[in-house]
Amino acid sequence: VYIIAEGCDNHLGNLDVAKEMARQAKLAGADAIKFQHHIPDEEMLPDVPMSDNFNMPLYEFLKKYALTLEQHIELKKYCESIGIQYLCTPFSWKAAQELNEIGVEAFKIGSGEMTDIPTLKKMASFGKPMIVSTGMSTFEEIDRTYKLLRDMNVPLVLMHCVSEYPPVYHDINLKVINQMIERYPEAIIGHSDHT
């Protein structure tokens, strides 16, 4: 079992908080901690509609709280120094390029980007493992992403995921993992948990 703790942007732009999150994840026994690399102008329009789970527009939230690339570099070094793997989700092609340049070992792809075939294809060209969440996706959509990444010989993990925060317990559907193991034999199958 390989456990990835979710750091997300819960540090609210404070690098010391992000480091403490990594330290606590290590103490809790996690193998890795995953953060997010946002470049708001690369991934959305400034007037994106307001979400119910934020008290400010997402664009403004990310402009205010996203870590800079320099902060990600320092956070990655800190994670290495304490013995926990640093992972990060890019939300744009430019963010993926920057993470690749700083030596991220694998790319974590969020459910919302799982069907972005043009960007996934470019990211796969780096040849690094990809961990792809599948929330909100149909099997046909997962099939398409699986085929693309396997044809490009990218080491692949597909994460069963329910995109409810938090999910109602009867929606979790853990037995879908068995179907994914059978349907995607050349991928490692994991579970992205929001319970």
Side-chain angles (χ1 to χ4, degrees), residues 1-11 21 25 30-39 42-44 51 53-54 58 62 66-67 72 84-96 99-100 104-152 154-195:
V1 174
Y2 194 83
I3 304 290
I4 302 170
E6 177 62 77
C8 192
D9 285 317
N10 296 321
H11 46 68
M21 291 167 69
D31 300 289
I33 184 165
K34 184 196 73 66
F35 294 96
Q36 297 179 352
H37 184 31
H38 290 279
I39 307 171
E42 294 289 323
E43 63 186 76
M44 70 181 67
S51 175
N53 58 344
F54 284 92
L58 183 56
L62 295 175
L67 294 177
H72 276 288
I84 190 168
Q85 185 180 17
Y86 163 91
L87 291 174
C88 198
T89 298
F91 284 88
S92 65
W93 168 234
K94 184 174 181 181
L99 289 173
N100 188 58
V104 72
E105 296 173 43
F107 289 104
K108 167 62 175 69
I109 308 302
S111 294
E113 288 69 44
M114 198 222 60
T115 58
D116 182 358
I117 298 299
T119 304
L120 291 178
K121 187 173 184 177
K122 289 195 282 188
M123 288 175 60
S125 71
F126 294 134
K128 294 184 176 176
M130 295 178 80
I131 304 166
V132 182
S133 285
T134 61
M136 302 176 289
S137 301
T138 65
F139 272 127
E140 291 72 23
E141 290 169 328
I142 302 168
D143 291 348
R144 191 168 46 241
T145 297
Y146 173 78
K147 181 175 180 352
L148 168 78
L149 298 177
R150 290 312 304 141
D151 287 351
M152 294 185 74
V154 173
L156 178 61
V157 177
L158 291 173
M159 304 291 280
H160 168 261
C161 180
V162 176
S163 296
E164 293 176 14
Y165 302 90
V168 178
Y169 281 104
H170 68 260
D171 289 344
I172 298 168
N173 297 320
L174 288 177
K175 287 189 176 181
V176 170
I177 293 171
N178 294 333
Q179 292 177 278
M180 291 176 72
I181 289 169
E182 202 171 293
R183 192 170 182 127
Y184 308 113
E186 294 182 56
I188 294 170
I189 305 301
H191 177 64
S192 178
D193 189 67
H194 302 137
T195 55

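The first residue in the sequence is number 1, and the count goes up from there.
Here the CD1 atom belonging to I172 is positioned 11.0 Å from the SG atom belonging to C161, to the nearest 0.5 angstrom. With rounding to the nearest 0.5 angstrom, the CD atom of E43 is 12.0 Å from the NZ atom of K94. In this structure, CE on M21 lies 5.0 Å from CG on N10, to the nearest 0.5 angstrom. Interatomic distance, CG of L156 versus CD1 of I189, reported as 7.5 Å (0.5 Å rounding). Atom CD1 in I109 sits 4.0 Å away from atom CE in M130 (nearest 0.5 Å). The distance from atom CD of E113 to atom CG of L120, rounded to the nearest 0.5 Å, is 8.5 Å.
Here the side chain of E141 pairs a donor or acceptor atom with the backbone of T138 at under 3.5 angstrom. Remark: side-chain polar atoms of H38 are not paired, donor with acceptor, to backbone N or O of S92 under 3.5 angstrom. In this structure, S125 contributes its side chain and K122 its backbone to a donor-acceptor pair below 3.5 Å. Using modelled atom types, no side-chain atom of N178 and backbone atom of V176 make a donor-acceptor pair closer than 3.5 Å. Listed for the K34 side chain is no donor-acceptor partner under 3.5 Å among the backbone atoms of I4. For the pair H160 (side chain) and L174 (backbone), a donor-acceptor distance under 3.5 Å is absent. For the pair Y86 (side chain) and F35 (backbone), a donor-acceptor distance under 3.5 Å is absent.
Looking at R183 and D143, their side chains come closer than 4.5 Å, going by heavy atoms from C-beta outward. Contact annotation: the side chain of H194 never approaches that of P166 to less than 4.5 Å [non-hydrogen atoms, C-beta and beyond]. The side-chain heavy atoms of Y184 and F139, taken from C-beta on, include a pair separated by under 4.5 Å.
Contact between L99 and T89 at its shortest, heavy atoms only, is CD1-C, 4.3 Å. S192 approaches M159 most closely through the heavy-atom pair N-CE, 3.9 Å. Of all heavy-atom pairs spanning H37 and C88, the tightest one is N-SG, 3.4 Å. Across I33 and G7, no two heavy atoms sit closer than the pair CG1-N, 4.0 Å. Between R150 and V154, the shortest heavy-atom distance links the atoms NH1-O, 2.7 Å. In terms of heavy atoms, P90 sits closest to A96 at CB-N, 3.5 Å.
Other residues, nucleotides and ligands contribute over 12 non-hydrogen atoms within 6.0 Å of the CD1 atom of I117. The local environment of CD in E140 is crowded, with over 12 non-hydrogen atoms from other residues, nucleotides or ligands closer than 6.0 Å.
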- Message: As a quick check of understanding, evaluate side chain to side chain contact (heavy atoms under 4.5 Å, CB included) for Q85 and D31, giving each step before the final call.
- Response: CA-CA 6 Å; Q85 185 180 17; D31 300 289; over 6 Å; no
- Message: Would L62 and D9 count as a side chain to side chain contact (heavy atoms under 4.5 Å, CB included) here? Give the steps.
- Response: CA-CA 9 Å; L62 295 175; D9 285 317; 3.8 Å; yes
- Is there a side chain to side chain contact (heavy atoms under 4.5 Å, CB included) between Y146 and E186 once you walk through the steps? CA-CA 9 Å; Y146 173 78; E186 294 182 56; 3.2 Å; yes
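F107 and W93 have their aromatic ring centers separated by at least 6.0 angstrom.
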